[in-house]
Amino acid sequence: MESKNYNNKADEVVLEEQNKGFTTTTTTTIDRCYFSELSWHVILEILLKLPIEALIRCRYVCKSWHDLLLDPSFAKLYHGITPTGVVLQSSLFPYGNSGGLYLLEPQEKEPTSIIAKFNHFTYLESTLVNSCNGLICSCDIRMANPMYISNPITGEYLTLPKCETKPDGQFVSGFGFSPKTKQYKVIKYLDFVEVYTLGSGTWRRIEHVPPARHRSLFGTFVNGALHWLVKLPNGSKLIRSFDLENERFRTIPLPSSRVYCASFKRSNLGIFGDCLSLSSIGMYASDWDIEIWVMKEYGVKESWIKELVIKSPSPWEHWWNPESVQVICFLKNGEVILDCVGCPVIYNIAQESFRLLKPNGILLTHVKATAHASSFASLKDIAMGDSSKVLKL
């Protein structure tokens with residue numbers, strides 16, 4: 001984004017910082033930070049042009065930079081321009097505990113640079129659910145408890161209270177944000193729904209929810225709601241959404257495609273740009289094809305368009321598995337990151353070719369991937385009522 005597009009915002013932040021008294025004073029030449037003598041307007045413009053990896057390092061330059069980068073005003077300003085990257089969670093075994101959480105550098109081309117790797121933190125013993133506004137939700141999919149919310153950039157994490165009830169069967173979950181209420185919520189969904197609003201300190205239970213068999217354990221967050229592809233007891237298929245504002249379910253229409261109807265097990269919801277997407281694998285003649293549908297206008301059945309039809313890769317590719325493909329994110333250079341049953345791959349639309357996503361040349365195994373836009377927002381500011389429970393990594 002060009003500087004002229006956020007100069008006004010920067011001016012507002014400058015005034016906020018000046019009112020708060022964010023000024024640097026020094027008494028000796030050795031301790032003097034000449035860069036901090038620049039106006040806050042100039043410093044902000046410079047910092048906002050830096051990649052996230054450089055900003056992480058800038059926190060340790062001096063106290064004034066540290067305070068600025070972790071101030072809520074800067075977090076709001078940065079949130080409006082941050083690009084979307086990818087978070088990968090690699091496990092030693094399928095559905096096992098994490099062997100590492102990798103934060104990849106967001107860029108227009110292939111995200112091959114690892115910004116940070118986290119190995120030794122409590123919340124990594126759980127499975128990545130999804131990411132929302134720079135916050136990551138993870139949970140133990142076998143025991144239902146505990147669940148965690150974390151921000152790898154600020155190094156904070158929050159352990160949510162245990163639910164009063166333990167599910168008798170497999171539950172599904174999701175994490176998202178309501179733009180209208182400005183609240184972050186975690187959802188657990190089985191024969192009932194349990195809702196945890198960050199800062200509330202307690203779970204709430206909603207009874208009498210519609211039954212269904214879910215295609216995936218984790219909801220896809222789009223447009224203020226979580227979405228699951230479900231199969232009803234009568235065999236019909238649909239997208240069920242849970243609105244985080246009014247906490248009600250609704251039905252999102254599916255596109256008119258014969259592929260997902262015949263291959264429910266080979267269909268997945270995802271995000272394509274800012275839109276809800278549906279990917280399905282179908283057999284045409286003797287080959288598998290991948291259809292990617294995108295809902296251009298949320299909630300409108302007629303707005304579904306078939307964005308891509310991808311010819312399946314060679315069956316000799318060791319990573320290819322026709323059981324499932326999910327869209328993770330769409331890159332600005334026109335490529336798409338896909339999750340093929342725990343193996344992240346990049347599809348080049350122009351060249352109609354695949355290649356493995358290998359950050360820093362590392363081939364990761366049993367990967368859970370999700371789109372992630374890094375944030376400097378502090379969990380202590382977001383979860384005010386839970387701020388005393390927020391820990392540093």
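In what follows, every heavy atom counts, from backbone to side chain, and hydrogens, waters and symmetry copies are set aside.
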Checklist entry - Is any side-chain heavy atom of N246 closer than 4.5 Å to a side-chain heavy atom of D243? => result yes
Next on the checklist: With ring-ring contact (aromatic ring centres under 6.0 Å, His included) as the criterion, how do Y189 and W228 come out once you've worked through the C-alpha distance, each side chain's angles and the decisive distance to 0.1 Å?
Outcome noted: CA-CA 11 Å; Y189 176 19; W228 292 271; 5.6 Å; yes
Checklist entry - Do the side chains of L70 and R59 get nearer than 4.5 Å, heavy atoms only? => result yes
Checklist entry - Considering all heavy atoms of both residues, which atom of F330 and which atom of G273 are nearest to each other, and what is their separation? => result CB-N, 4.0 Å
Item to check | Minimum-distance pair of heavy atoms, taken over all atoms of L276 and W304 | outcome: O-CZ3, 3.9 Å
Checklist entry - Does any donor atom in the side chain of W293 or E291 lie under 3.5 Å from an acceptor atom in the other side chain? => result yes
Checklist entry - Do S374 and I52 pass the side-chain contact (heavy atoms from CB on, under 4.5 Å) test, and can you show the C-alpha distance, the side-chain angles, and the key distance before you say yes or no? => result CA-CA 8 Å; S374 295; I52 184 65; 3.9 Å; yes
Checklist entry - How close do A371 and S131 get, heavy atom to heavy atom, and via which atoms? => result O-CB, 3.4 Å
Checklist entry - Are any of the side-chain heavy atoms of F218 and V172 separated by less than 4.5 Å? => result no
Item to check | Between T127 and Q89, a side-chain donor and acceptor under 3.5 Å | outcome: no
Checklist entry - To the nearest 0.5 Å, how far apart are OG in S150 and CD1 in I136? => result 5.0 Å
Checklist entry - Looking only at heavy atoms, which two atoms of T154 and A377 are closest? And how far apart? => result CG2-O, 3.7 Å
Item to check | ring pair (Phe, Tyr, Trp, His ring centres under 6.0 Å) contacts touching residues 332-351 (sequence neighbours left out) | outcome: Y347-F354
Next on the checklist: The criterion is salt bridge (charged side-chain N to carboxylate O under 4.0 Å, His left out); which residues satisfy it with K180, sequence neighbours excluded?
Outcome noted: E245
Next on the checklist: Quick test of your reading of the model: are E302 and K296 salt-bridged, counting only N-O distances below 4.0 Å?
Outcome noted: no
Checklist entry - Between atom CG of L357 and atom CD1 of I346, what is the distance when rounded to the nearest 0.5 Å? => result 4.5 Å
Next on the checklist: Under a 3.5 Å cutoff, is there a donor and acceptor pairing between the side chains of E156 and N151?
Outcome noted: no
Next on the checklist: How long is the straight-line distance from CG of L226 back to OG of S241, given to the nearest 0.5 Å?
Outcome noted: 9.0 Å
Item to check | Heavy-atom closest contact (S279 atom, I292 atom, distance) | outcome: CB-CG1, 4.3 Å
Checklist entry - More than 12 non-hydrogen atoms from neighbouring residues, nucleotides or ligands closer than 6.0 Å to CZ on R204, yes or no? => result yes
Item to check | Heavy-atom side-chain contact between P253 and M295 under 4.5 Å | outcome: yes
Next on the checklist: Any heavy-atom pair between the side chains of D339 and V325 that's under 4.5 Å?
Outcome noted: no
Item to check | Shortest non-hydrogen contact from G219 toward N130 | outcome: O-ND2, 4.1 Å
Next on the checklist: Would you say N268 and S324 are linked by a side-chain donor-acceptor pair, where the criterion is simply a distance under 3.5 Å?
Outcome noted: yes
Next on the checklist: Restricting to salt bridge (charged side-chain N to carboxylate O under 4.0 Å, His left out), what partner residues turn up for K185, sequence neighbours left out?
Outcome noted: E247
Next on the checklist: I'd like to check V186 versus M147 (side-chain heavy atoms, cut-off strictly below 4.5 Å). Are they in contact?
Outcome noted: yes
Next on the checklist: Hydrogens and angles aside, do S200 and T197 bring a side-chain donor and acceptor to less than 3.5 Å of each other?
Outcome noted: no
Checklist entry - Hey, what do you get for CG (N133) to NE2 (H372), rounding to the nearest 0.5 Å? => result 10.0 Å
Checklist entry - So I149 and L198, side-chain contact (heavy atoms from CB on, under 4.5 Å) or not? Walk me through it. => result CA-CA 9 Å; I149 304 296; L198 262 61; 4.1 Å; yes
Item to check | Validation row: C58, L50 side chains within 4.5 angstrom (heavy atoms) | outcome: yes
Item to check | From CA spacing to verdict: side-chain contact (heavy atoms from CB on, under 4.5 Å), C329, I271 | outcome: CA-CA 6 Å; C329 65; I271 301 174; over 6 Å; no
Checklist entry - side-chain contact (heavy atoms from CB on, under 4.5 Å) between F175 and L244: does it pass, once the steps are laid out? => result CA-CA 9 Å; F175 172 60; L244 294 179; over 6 Å; no
Item to check | F376 vs F74, ring-ring contact (aromatic ring centres under 6.0 Å, His included): CA-CA, chis, key distance, verdict | outcome: CA-CA 8 Å; F376 284 88; F74 180 83; 5.7 Å; yes
Checklist entry - Counting distance only, does the side-chain N/O of S303 pair as donor-acceptor with the main-chain N or O of E297 below 3.5 Å? => result yes
Checklist entry - What about H227 and Y298, are their ring centers closer than 6.0 Å? => result yes
Checklist entry - Taking a hydrophobic cluster as the set of Ile, Leu, Val, Met, Phe, Trp and Tyr residues connected by side-chain heavy atoms closer than 4.5 Å, whether directly or through intermediates, do I305 and V300 fall within one such cluster? => result no
Checklist entry - Are D289 and I310 close enough that some pair of their side-chain heavy atoms sits under 4.5 Å apart? => result no
Checklist entry - Can you tell me how far the CZ atom of R240 sits from the CG atom of L269, to the nearest 0.5 Å? => result 13.0 Å
Checklist entry - Centre of W203's six-membered ring, under 6.0 Å away, within 45 degrees of the axis: is that where NZ or CZ of K162 sits? => result no
Checklist entry - For the atom pair CD (E45) and CG (L47), what is the distance rounded to the nearest 0.5 Å? => result 10.5 Å
